[in-house]
> 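What follows is a single structure, and I will ask about it in a moment.
Letters go in sequence order (proteins before strands), and every chain restarts at 1. What you see below is based on every heavy atom in this structure, not just the backbone, and it leaves out hydrogens, waters and symmetry mates.
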Amino acid sequence: MATEAAGETDHDGSGSVASGVVSSVGRIRESKMAMIGLVVTVTMLLLAIVAPYIAPHPPTAGSWPAELDDSFLPPFWESGGSMDYPLGTDQQGRGVLSRILFGLRLAYLQGVAPVLLAASIGVTLGLVSGYFGGWIDEAVSRVIDTVMAIPLTLFAISVLAVIGTSLVNLILVIGVTQWVPYARTIRGQTLSIKNEEFVEAQRASGASHARIIREAILPNTMSSILVIATLNIAQVIVIAAGLTFLGLGVSPPRADLGLMLAGGRDYLTTAWWYGVFPGLALMIVVLGINLLGDGIRDILDPKYSE
Amino acid sequence: MNWFRYLLRRLGQYVVVLFGVSLIIFVISRLSGDPVALMVGMDAPEELRESIRSDLGLDEPLIVQYALFMRDAIVLNFGESISMAPGEPAGQLVLSRVVPTIQLTAVAVFFAFGIGVPVGVISAIRQGEYADIGGMTFALLGQSVPSFWVGLMLILFVAVPIDFFPLAGAGSIRHLLLPGLTLSFFMMASIARLTRSNLADVLDEEFVKTARSKGISDLRVYGSHALRNAFIPVLTYAGVQIAYLFGGAVITEQIFAYPGMGRLAIQAIYSRDFPVIQAVVFFAAIMVIIVNFTIDLLYLKLDPRISYGGDR
Amino acid sequence: MDGQSHFDTTESATDHLLQIEDLDVTFRTKRGDVEAVNGIDLHVDAGEILCLVGESGSGKSVTAQSIIDLVPQPPGEISGRVWYKGQDLRTVNSAELRRVRADEVGFIFQDPMSSLNPVHTVGRQIVEAIRAQNDVSKSDARERAIELMERVGISDAGSRFGDYPFEFSGGMRQRVMIAIALANEPDLLIADEPTTALDVTIQAQVLELVRELRDELDMAVIWITHDFGVVAEIADHVAVMYAGNVVETADVYEVFDDPKHPYTRGLLESIPGSAAEQGRRLTPVEGEPPDLTALEPACRFRDRCPDAMPRCEDGMPATFVPDGDGDDRHEVRCYLYDDAPNADGPTDDGPTADAPIVDGSNGDLSTVDSGGESSHE
Amino acid sequence: LGGGDDGGSGSTVTMAPAAGPTTLDPHNHAETTTSTYLIHFYDGLVERNTEMELVPRLAEDWEQVDDTTWRFSLRDDVTFSNGEDFTAETAKYNLDRVSGNLEGAETVTVEGDYASIDSVEVVDDYTVQVNLAAPDPIFLEMQAALRIVPKEYTEENGFDALSDDPVGTGPYELDSWTRQQEMVMTARSDYFDGEPAVGELVWQPMPESSSRISALTTGSVDLIRSANPRNEEQIENSGDLSVERVPSARGAALWLNMWQEIPGGDEPVFHNNREARLAVQYATDIPSIIENILVGNGFEIHGWAYNDQYLGYNDSLDPYPHDPDRAEELLAEAGYSDGFSTTLLVPRGRYFKGVDTAEALATQLGDVGIDVSLDTPEFGTFATQTQEGEIPGMMLAAWGNPTFNPLDPYGNLVHPDGMFSLLPKQNQPSWVGELTSMIETAQQTADREELASQNQDIEALIHEQGVFRFLFQYRDVYGVNDRLEWDPRSDELVDMYPASLAE
Amino acid sequence: MSDSEPLVQVSGLTKHFEERSGFFGGDVEQVQAVDGVDLTIERGETFGLVGESGCGKSTLGRTILRLYDPTDGTIRFKGRDITDSSYDELRPLREEMQLVFQDPFSSLNPRRRVGEIVEEPLAIQGVDKREREERARKLLERVGLQSEHYGRYPHAFSGGQRQRIGIARSLIVEPDFIVADEPVSALDVSIQAQIINLLDDLKDEFDLALLIIAHDLSVVRYVADRMGVMYLGELAEVGPAETVFQDPKHPYTKALLSSAPIPDPTRRDRERIILEGEPPSPIDPPTGCKFRTRCPKAFEECTAEPELEEEDPDHHVSCHLY
Ligand SMILES: Nc1ncnc2c1ncn2[C@@H]1O[C@H](COP(=O)(O)OP(=O)(O)OP(=O)(O)O)[C@@H](O)[C@H]1O
Ligand SMILES: Nc1ncnc2c1ncn2[C@@H]1O[C@H](COP(=O)(O)OP(=O)(O)OP(=O)(O)O)[C@@H](O)[C@H]1O
Ligand SMILES: [Mg+2]
Ligand SMILES: [Mg+2]
């Protein structure tokens, strides 16, 4: 009986975290923007996942020395190009298309991993400082102000220059610099949620702080977290690409979009495909996530769902 | 004198922030390995290294080093550049680059607001119409394209074919246009979208209906009532974004060979010139704080509630 | 004025200061179309206070805002006529509309907290209203604003002129709103629940003030409230709204003395004040108002109506004048008062396939008025 | 100031190097980029001409009195740009400063290069004698890198005064300078060797190679260093531009780390294992890299004496050919039939196509089973890392040697005590001891003939043991506007004194 | 604990809030929300509390439940002094006292199912799931909802239904004492009556003592046995509800009753006491009698603070006129 009733509700509205997410995914169909974003993102993600099976060439090493002799072949529609390398080759004779396909994997990894880190730091700090207030809040607020005063790119550059460049370090550094929006938003929401009467009701029933945070506050911030995180993934992908572009991120010979952009910039006038296609791929990835994030925000916005 | 207290309180918070910044800077720079290796020739004798080390205070305990660092940082003394311009005071080196970067960011902010706000306003007023869809598509793209790619494309398709735009350097308005546009791209797009959504929200507010009910013109309704209220969150956003802008200047300056703080920072970091790194980050933080303080002042002007103990 | 006579009027009978005819407002939302206001006819004369009363969501504010075109479009869509001093405000040009807003109609909004612009001083907001359409010098306007502030009971007006809304209490803000509404001595004052957010002691002050002003300026007032206590205190005439319809209009004494519509009766019996005096248990109106996005072509009250009958399914009833009632302003939209026994057709524009005709009759069109249901449009 | 046909914007030439100078004190830096600027302000006693021959400049003549004594007779008609005269006192003052013999002066960056100087004597107003502590076969070569600063001026104002306002004897003086942005130099009409043909030099550093190319093609710049061979075609095709190429004094090699313990966890594969080193030699295909990655801008080399310009070039040696099968055999002999993994350290942004070359090498080594991952720090990090001995299994670097004598790399890169030597420091196989003593002997050999044959032996031993995988000597490429007549130099310096404008 | 002991006994109860402002929030202003209130509530009794917005009604109610720490005074619940009990010590007592809220929207966690919300107090007390659910379903039916509503989310319910859910939540632990803070003021009249009737029934059925806070005088008159009138943190008048309505003593009570609109147009021309101005700020209340700044009958003595004194049997007034 209980399950029946529960089953009945799930399709008609939002609900707990999980069902909230599920139902908003269901409602994505209502938002054209979100729909496009979802399709683009899912497509690109699929391409990334199946890259090893569909990429015409391996992303890095190949059969030597034929490959090096193939350097800077243009895309197939230009004279000199061939369907062997549909989007042309780079200076090492590697297929641009294959590198992009593999590069997508890194792009999503570089987007999602730091965001997970940043979200867990930011949400924790935001909950704690908003809920307990007092000196904890004051301290967290000053830390937030401090982090906001330092240009994060500069900070990331400095730290990466110190701890060395690697994919893991890149993810770590971006992660620890991106938590501020989570902390700020969640803190603000916690401040207002903790004054809601349903929290008071829990307190009036003797619930512990942990229980209140877990059951009253966190679930009600979840949709904001989801929205910030989605949009943040897009931002982080761009930041990561920028750092790699400056030479502080992923190292060659990995197939990485930022790295390809950096490599391709010297050849924009002579072998444009080397820098332009990775740029386009990056843009599509980011655009897809941005659309998706916006759509989710619209859907979760009470104004919209009224 | 509530506004005065408000400003004092903000200033107090900024002092704390500067202290935090200095601590972060110090930690980073001391983690960054031995600068002496870069200062002297590759085969310099050990005694020489030792003596340089003690000249720089590098042989003191960390806490003492930090105290020394703070003492000097207060008067903007960050020591001498080690590898980029040996002997030059790092502070001065950075100071000579501050103006171009301020110019660049100012141009970027100008573009961001000058283009972003009108686009946002038009979109909000023409919700759902083609102007709105066009404006917001542009804004969404703007948020999705890495600014360095924008810069490269601008070089390729604008600067190279059109003689008017110099490819590198600084010194004139012409030098500022493309880098400024590149740097402002993301912020411009964000401001357009933020303006639109805020204005749309404000237009739904009761007081806008009140204004309409008075029989005043639409221009006044939008200008004097709606936009001013919608602008407050945009300003807040700009305050948050300004640090990103200074960060973004690093890449932009690199691409356009623009001699600003950002490029200096990159060079300093590549050559581990930590006094210069310290100075750059510190100056950048100070500029962020100055901008934010200016925004605080603007708030006082724009939002009277602030001066009466409100917070933003 | 005869409640049924303007069925085929295209030009207004301009003997009323304001006359609303067949007003429909629909909001197109993601959830579906909200038929917020449906076929409303109302009128008010100079010096008269008309109370619009009804539950939350019944369409009171939307009706009021439609008069001077304040309903946001989109999402709103409005049809109908709003005759004011002989011209239809729905068709006048925007300059004229602005002039009417500025000089003829004053509007007080429900929530004094959100209806003043937080970033302008109250003085500036009053002055803006004074100068909106009139060539008044700044200093004259300022003087007049201070006068107004004093008139609405803001003491020390000269020094409070430069204060911001957040420096005022709720009651004081509502006075500021009244000052704005009265800035150019309007002939019609529309007050949308101006006291709901206020304490009773302050409410009493405001009610007193409005009564005085009405007498002084001979304004017509449309006063919106959901509190029958307030209605009893201030109204000359009452229009009871339910789910987008005006279900009953009458003289205030009639309404309390002899409520006709089952809904009006239910409301009056729900009020603890009167119940306690009679020492009996409250009789609530059971159930909830209908969802305005999913209306069926039937009487909108029928699900909650203790007197519901099969006929109620036919469509929203037309306006009837209760049998034997001498007062020509007592009108009810309820089949109980259909004195033409075979006039049971729905008020839809002609019979439709899915509207069952209970009595087998096609109805007597003579009772159909312009307030007819138009949910098929 | 000025005079003659100085002036007119027509005699202005604009250059876009990759970087600006860090300082204008010629003794306090070790960067070719900075030297390019400073050679216009300062002269040396001895200099190299465009053909890299040692020619007199401030010194009219010199003689090697004995193995450890050199005597220079100086010009008497030289004045600094501030009017101060150049004399033997000035020369001594400079030599003392760079050899650390100047009382109370701070140590300078170039000190290590002049360590062999024991003392300097002023013989007369225009003669100076240098006494060496030990024979130094490259003493004169090093003199060509030393620029002379004024004595009285610096004694009065301190050396710091030079760091942003140079006072030299050179053909140009500073007009204006905005760091990393623009430097303008004007010709000295009173230059002792004759007024330069180009009246004004404008330097606008551009780190982006694409910006440089664009600036050149749009005509806003007359001369650039190209970092991108793909653009050569573009330059050559655009009517009034041409490409100048010159073999560089810089040679690139792959260092094989022979230490017994390697920081960072790479296995010490190359320690005492010649087969493993030779496997690397055969696994790699240098001509292909030169052709594809450098687009022809390089020459295959087989030792630190790249060619017969270098003292001790050994023409009996041949570069190891590309032979992957042989490499795999050797690998098996070395005990690594399944290959091994290692790391290749290469600085980014420093060497022409450095990272690309490393990537290609890694691919080639991968084909025989050597799994190479790249570590590509910025040069600053690279420099620190290498000096602290944080060097993994392999390292790609290039060594510029404008002395044309391989003794310089032998000392720094081969001798186990050298800064960048990766020869084993413990548990040395016998050939290492042999090599060490051969180098030490050569370093004391004053006779050039004898030195040449000693160098040849050293070359042969290095080659035999496969100490380095020698890659190539670079070819530098410049893009030049045809209105400018200018010759490139092998030492990467851009010298505008000999340049002139075509009519 | 004896039966003669009142259920709730409050004496000298004071609650001041600190408002921070100024440099680093260094200036602290005291909001004197509740100031020296004496009050007893007997078992099964319904006590109504009226007063203008901001006069401290909610604060008083919440402080009695020890959701706020009192600044001064004592609170005894069933004879036990709970003034200084800690949050954890109070936990078992929460079974005996509960709260019903004004806002039917913000008082229900939108992310939890109705069942979970109603069960929450039991879950905190550690009752097992099966029993919880059974009791919750029963109670939902009792308050006029359906057992099937157990698995729904609050957003699917109207204001009145939500208020029923809130009432069910407070009843599930079968408390002896409920504070209902304006339980009907957010509801429409027609719905309001439903909820008032429900509360009326439940209080007998569950033998509840009820502290009902309202600003609508007629609601209090309808449900309360005794009532108190609050002004600026103090009780101005306390007495049996009907007595206070019929024979108000305190000038404030008189003004309040006179201001309240009466749903009878024939009485609109009655004599009315219309107060001047608005209540002063609780940050800086007037000295002496707090009502004297607006009191039409104020005289010199009013500068002294009046005591709440018994005027008629069980009818207390705090005014110098008596
Ligand atoms: N901008 C809008 N968009 C969509 N629906 C709206 C809009 N404005 C009003 N409505 C709907 O129209 C209906 C009538 O609203 P209205 O504000 O007139 O009610 P009301 O009688 O004034 O209620 P209250 O007493 O709560 O003020 C409601 O269902 C409301 O949700
Ligand atoms: N948590 C708090 N912090 C600071 N001040 C508070 C707090 N809660 C209430 N106050 C202040 O205490 C005073 C009394 O508030 P309280 O909510 O008890 O009034 P009330 O009588 O319930 O009013 P209402 O009818 O508006 O609910 C008010 O001035 C209020 O601003
Ligand atoms: Mg309304
Ligand atoms: Mg309250």
> Side-chain contact test, heavy atoms from C-beta onward, threshold under 4.5 Å: evaluate it for E/Ser106 versus A/Glu200 and give yes or no.
no

> For the pair E/Asn109 (side chain) and A/Glu215 (backbone), establish whether a donor and an acceptor sit closer than 3.5 Å, ignoring hydrogens and angles.
yes

> Is chain A contacted by the side chain of E/Gln125, its backbone, both, or neither, given a heavy-atom distance below 4.5 Å?
side chain

> Using a 4.5 Å heavy-atom cutoff, which residues in residues 85-96 of chain E come close to chain A?
E/Tyr87, E/Arg91, E/Arg94

> Given side chains that start at C-beta, do those of A/Arg203 and E/Arg62 come closer than 4.5 Å, heavy atoms only?
no

> Measuring heavy-atom distances to chain A, does E/Arg66 have an atom under 4.5 Å in its side chain, in its backbone, in both, or in neither?
neither

> Please report the closest heavy-atom contact between A/Phe198 and E/Ser107, naming both atoms and the distance.
CB-O, 3.2 Å

> In residues 107-130 of chain A, which residues are in contact with chain E at a heavy-atom separation under 4.5 Å?
none

> On a heavy-atom basis, which atom in E/Pro110 and which in A/Asn220 lie closest, and how many Å separate them?
CG-OD1, 3.1 Å

> Which pair of heavy atoms, one from E/Ile124 and one from A/Ala207, lies closest together, and at what distance?
CD1-CB, 3.3 Å

> Would you name the heavy atoms of E/Gln98 and A/Ser205 that are closest together and state the gap between them?
NE2-OG, 3.7 Å

> Using the test side chain to side chain donor-acceptor pair (under 3.5 Å), find all partners of E/Gln32 that sit at least two apart in sequence or belong to another chain.
none

> Applying side chain to side chain donor-acceptor pair (under 3.5 Å), name anything that partners E/Ser58, two or more places apart in sequence or on another chain.
E/Asp181

> For the candidates E/Asp103, E/Val100, E/Leu65, which exhibits the highest count of non-hydrogen atom pairs separated by less than 4.5 Å from chain A?
E/Asp103

